[in-house]
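Just so it is clear, the structure is predicted and the values come from calculations on it, not from any experiment. Ligands are counted one by one from 1 in listed order, and the atoms in each one are counted from 1 as well.
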Amino acid sequence: MARNKIALIGAGQIGGTLAHLIGLKQLGDVVLFDVMEGVPQGKALDIAESSPVNDFDARFTGTNSYDAIEGADVCIVTAGVPRKPGMSRDDLLNTNYKIMSDVVGKVVKYSPDCILIVVSNPLYAMAQAAYKLSGFPRERVIGMAGVLDSARFRAFIADELKVSVENVTAFVLGGHGDTMVPLSRYSTVAGIPITELIAPDRLAQLVQRTRDGGAEIVKYLKTGSAYYAPSSAATEMAEAILKDKKKILPCAAYLEGEYGIKGLYVGVPCKLGEKGIEQIIQIKLTAEEQAALNKSADAVKELCGVIGV
Ligand SMILES: NC(=O)c1ccc[n+]([C@@H]2O[C@H](COP(=O)([O-])OP(=O)(O)OC[C@H]3O[C@@H](n4cnc5c(N)ncnc54)[C@H](O)[C@@H]3O)[C@@H](O)[C@H]2O)c1
């Protein structure tokens with residue numbers, strides 16, 4: 001039986017880290033593509049040389065030529081420019097849209113049956129662009145943001161209560177950053193709602209820190225943005241698909257009336273399996289939560305309007 005094939009478009013900080021994590025998790029053979037000559041080749045070789053120590057069998061190919069991605073089962077797009085201090089994700093819109101247009105055309109040509117996971121920012125507009133440009137069904141174009149946002153929220157809650165991260169589940173809806181909608185009443189520690197364990201004003205501070213999670217790291221790094229946690233998040237989504245886990249994860253999905261929103265990518269809980277998004281899970285929201293989600297959708301709509309997708 002052939003191994004799965006995972007194509008990583010963009011071999012920068014996230015692309016390289018993703019390749020390593022995918023190797024460690026033995027999800028399949030990896031093709032790292034980038035327009036920069038030598039970078040994908042060097043990273044692929046370096047990771048391949050770690051495989052005897054870490055005991056994984058997989059082929060790592062670094063390339064500047066799209067034909068190497070032919071027949072990939074999953075393509076993860078991280079191509080684009082990241083933020084620098086003082087920049088918002090939205091500042092990347094026009095540059096990354098141009099890159100996305102080029103990338104998606106090639107993905108459709110060489111891996112027409114793949115499931116496409118979009119990571120490049122601004123995430124929701126890039127996911128919408130990838131969906132529109134690819135012509136793929138919505139099940140096969142998924143954006144990564146919610147898994148990262150909820151991981152950050154979980155890490156902060158675990159640290160606050162000095163409990164294992166394994167005990168903490170968190171639930172977020174909506175956009176990345178300012179328009180994220182964390183549902184505290186569905187976030188738990190060993191099954192106990194966090195609203196019973198953390199005072200409201202302190203919880204509000206943790207939520208705000210989660211919203212600003214990306215900027216906090218950009219400020220430290222100065223030359224780029226977070227990549228370890230984003231790579232872990234995208235790997236979890238790829239694993240759920242490649243192992244047909246039917247795992248419920250917060251993803252950017254194209255809504256066709258769910259949550260009262262139509263024709264836009266918004267962050268909602270999705271069941272991920274071999275077909276990609278196999279179900280969008282709908283839950284009842286309070287009026288306040290629905291208003292926050294609508295605001296999040298409006299922000300996505302505005303950005304999509306600028307690039308006409
Ligand atoms: N969705 C999220 O939650 C999330 C989190 C963090 C970062 N990001 C975004 O992910 C993207 C990648 O971040 P990074 O830190 O890996 O950046 P990076 O600069 O390290 O890597 C990006 C890579 O894309 C390559 N590239 C540029 N144009 C290309 C093209 N036309 N085809 C193929 N490759 C091309 C560059 O050469 C570079 O190697 C950024 O847009 C960043 O904002 C998203």
Side-chain angles (χ1 to χ4, degrees), residues 7-21 31-44 62-66 68-69 75-85 87-107 110 116-130 133 142-153 172 174-177 179-180 210-218 220-238 249-252 265 267 300 303:
L8 305 177
I9 316 298
Q13 301 286 41
I14 300 182
T17 311
L18 266 174
H20 194 206
L21 287 174
V31 177
L32 257 173
F33 172 92
D34 204 290
V35 288
M36 292 250 285
E37 282 179 24
V39 171
Q41 291 85 348
K43 290 192 179 185
T63 183
N64 307 115
S65 160
Y66 267 109
I69 74 159
C75 292
I76 308 180
V77 182
T78 66
V81 292
R83 284 197 279 173
K84 300 236 163 66
M87 285 174 91
S88 82
R89 294 179 177 94
D90 298 355
D91 292 336
L92 309 173
L93 183 68
N94 289 315
T95 309
N96 284 355
Y97 176 56
K98 238 186 243 154
I99 293 172
M100 190 60 69
S101 311
D102 171 41
V103 167
V104 170
K106 300 299 193 314
V107 167
Y110 289 101
L116 189 54
I117 299 177
V118 177
V119 176
S120 312
N121 271 322
L123 188 274
Y124 290 85
M126 288 303 106
Q128 179 118 350
L133 292 163
I142 316 166
M144 187 289 287
V147 179
L148 172 63
D149 290 330
S150 58
R152 285 180 173 146
F153 196 30
V172 297
H176 208 31
T179 57
M180 185 187 84
T210 305
R211 285 206 172 102
D212 298 337
E216 187 177 359
I217 290 176
V218 171
Y220 281 125
L221 294 181
K222 295 187 179 68
T223 54
S225 55
Y227 53 99
Y228 290 112
S231 303
S232 298
T235 304
E236 186 179 26
M237 291 169 65
L249 293 170
C251 301
Y265 269 79
V300 176
L303 279 191

Taking all atoms of both residues into account, what is the closest heavy-atom pair of [X] and [Y], and its distance?
{"X": "Lys84", "Y": "Thr223", "result": "CE-O, 3.9 Å"}
{"X": "Val218", "Y": "Ser225", "result": "CG2-CB, 3.6 Å"}
{"X": "Cys251", "Y": "Ile142", "result": "CB-CG2, 3.7 Å"}

Donor-acceptor contact below 3.5 Å, side chain Arg211 vs main chain Met180: yes
Atom pair OH/OG1 of Tyr227 and Thr78 - distance to nearest 0.5 Å: 13.5 Å
Residues in salt bridge (Lys or Arg N to Asp or Glu O under 4.0 Å) contact with Asp102, at least two apart in sequence or another chain: Lys106
Atom pairs, nitrogen or oxygen, ligand 1 to protein, under 3.5 angstrom:
unit_1   : atom_1 : unit_2 : atom_2 : d
ligand 1 : 1 (N)  : Val119 : O      : 3.0
ligand 1 : 1 (N)  : Met144 : O      : 2.8
ligand 1 : 3 (O)  : His176 : NE2    : 2.9
ligand 1 : 8 (N)  : Asn121 : ND2    : 3.3
ligand 1 : 16 (O) : Gln13  : N      : 3.3
ligand 1 : 16 (O) : Ile14  : N      : 2.9
ligand 1 : 20 (O) : Gln13  : N      : 2.8
ligand 1 : 24 (O) : Gly80  : N      : 3.3
ligand 1 : 37 (O) : Asp34  : OD1    : 2.6
ligand 1 : 39 (O) : Asp34  : OD2    : 2.7
ligand 1 : 41 (O) : Val81  : O      : 3.0
ligand 1 : 41 (O) : Asn96  : ND2    : 3.4
ligand 1 : 41 (O) : Asn121 : N      : 3.2
ligand 1 : 43 (O) : Asn121 : ND2    : 3.0

